[in-house]
There are 2 protein chains.
Amino acid sequence: MQAGAMDVTGIWSAPGLMKTISPDVSRTASQTAGSQAPQATEKRGRKASKETRRQQLIEATIDSLARRGYSETTLADVADGARLSRGIVNFHFESKEKLLIATLQHMADEYSAHWRSSLERAGPEPSRQLKALVEADFDRAVCTKRKLAAWCAFWGEAKSRPTYQALCGARDESYQRVFVGLCRALGDEAGYDYDPHSTALGLSAMLEGLWLRLMMGTEQVTRETALRAALDYLASVFPKHYGREAATRS
Amino acid sequence: MQAGAMDVTGIWSAPGLMKTISPDVSRTASQTAGSQAPQATEKRGRKASKETRRQQLIEATIDSLARRGYSETTLADVADGARLSRGIVNFHFESKEKLLIATLQHMADEYSAHWRSSLERAGPEPSRQLKALVEADFDRAVCTKRKLAAWCAFWGEAKSRPTYQALCGARDESYQRVFVGLCRALGDEAGYDYDPHSTALGLSAMLEGLWLRLMMGTEQVTRETALRAALDYLASVFPKHYGREAATRS
DNA sequence: CCATATTGAATGAATGTTCAACAAATACCC
DNA sequence: GGGTATTTGTTGAACATTCATTCAATATGG
């Protein structure tokens, strides 16, 4: 189905990178706030399944990262946040480092599943797909202050840790490839004279930069402002596809 | 002099934010590598002036941040890097935190002085000024892997520390104001129909995002690639000011 | 000699990890 | 089905390590 559009993005044929996509992305929304409410289908209390406990601890880790930053995130704080005892993390995860890696993996999987699903829902038209990708980045499901702060905490440590570095390419190679493919497709349609690679790099960099701005919280940059800036970019680069009035919704 | 251009940027009339601009920006280039070579004009060995020792320790701190990340940067490592003994930091700076703040302050001052000087040299024409600002961001003087890594280390901790957050606005409010002013000026000249604030936000976010990419080092993004992407952006948004061929130098 | 920069060992606090004891759930047996 | 054993999740205290900070002793330049 939608073979033409799929060829443009060209990622569905090689689903290599993602190791463990969380089966239900929808859950994360309900777990955003509390971090200890178990599933309706899961037994609560003592008999929470191993996987549930892990999720619970991961959520508490994201909380701690967002609240105290990477360098001050301690296992005691994570355990307290999850309302569990001190030694629990070393039981479910082997070490603090493994917990952090699992947390990053979790966020990367969630992010990846999110934009892929957005892309799928966008239909076959490249211009719609590109817009959908941009909008997905500022969706409440992935673009929370809490999560942005956690991302940034990992970014800060990524350069000196290969493991983080690999995972921090949430906007990874396949994501980049999709962008390049879409930019090229739009260029072919309307005869723009830019380099797709350069344009795609600029766009994805802008998205990341806007995330950074949102996270910092300084200046009054909101999700709406950021999205608007990104859509304005689309309108400037692809004037025949995105009218300025389409971007400016107000 | 150049009154018209100055009015566009509108920052020279209110030099409020910068507390201590390092007097000589040129020095930083020579100190990039070694981190212990003292000035020719300064005495070396035991009698290095208080200020020189501080600079030396700050450079060693940047080294450590770049090499080991924020969370693993220790005073011992800084002291070793500066070829000095353990207790020295607490003598010249009062605490580890004060050392880190001084380091960030140093980088912020350097960055600020750098783009301000670029802006000054660009002459009165807004289009040249904007291009100069973009190019300044990828100049070897400020855009080293070492320094980018240090910046990112601070970004990661900024959300939970107000002091860092304030300083991490290296691209601070006045920088943003200059961008907005220039975007507005170009728009008035050629009748573009974008919102200056939105365009300026997108541009500065892209620059930050490109820095992030450069720092990560993943993918083969170089200073040239990044600059090219940024200039392509200018060519797309301000087609009457920047021809595509001007951006594509190759 | 005096003031001051520097050293390096001592100290104490913070924190990741281990582990023996405990509790809950499940399996097993009669 | 009820009682017992076993497995497994959980706890919290003990332990070891790392690291910022302190400070008395020392070296240096004026």
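Below, chains carry the letters A, B, ... as their sequence lines are ordered, and counting in each starts from 1.
Summarising the geometry, the separation between CD on E51(A) and P on dG9(D) is reported as 13 Å, rounded to the nearest angstrom. In this structure, I88(B) places its CD1 atom 19 Å from P of dA25(D), rounding to the nearest Å. For the pair R54(A) CZ and dG9(D) P, the computed distance is 12 Å after rounding to whole Å. The distance between atom CD of E94(A) and atom C1' of dG16(C), rounded to the nearest whole Å, is 13 Å. In this structure, H92(B) places its NE2 atom 16 Å from C1' of dT21(D), rounding to the nearest Å. Taking atom CZ of F91(A) as the reference point, atom P of dT8(D) lies 9 Å away to the nearest angstrom.
Side-chain contact between M215(B) and K145(B) is absent, with no heavy-atom pair separated by less than 4.5 Å. Taking 4.5 Å as the limit, some side-chain heavy atom of R223(A) sits within range of a side-chain heavy atom of R140(A).
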Please tabulate, one pair per line, each protein N/O and nucleotide N/O from nucleotides 9-14 of chain C that are separated by under 3.5 Å, including the distance.
none

Where do N or O atoms of nucleotides 14-20 of chain D meet protein N or O atoms at under 3.5 Å, pair by pair?
residue: dA20(D); atom: OP1; partner: K96(B); partner atom: NZ; Å: 2.8
residue: dA20(D); atom: OP2; partner: L75(B); partner atom: N; Å: 3.0

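Note: L167(B) CG to D172(B) CG = 9.5 Å, rounded to the nearest 0.5 Å.
For the pair R86(B) (side chain) and A79(B) (backbone), a donor-acceptor distance under 3.5 Å is absent. One N or O on the side chain of Q56(B) and one on the backbone of A82(B) form a donor-acceptor pair closer than 3.5 Å. Within the 3.5 Å criterion, the main-chain N or O of K147(A) finds no donor-acceptor partner in the side chain of T144(A). Under the 3.5 Å distance criterion, the side-chain polar atoms of R146(B) are left unmatched by any main-chain donor or acceptor of A66(B).
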W151(A) and Y164(A): ring-ring contact (aromatic ring centres under 6.0 Å, His included), yes or no, with the steps?
-> CA-CA 11 Å; W151(A) 272 114; Y164(A) 291 177; over 10 Å; no
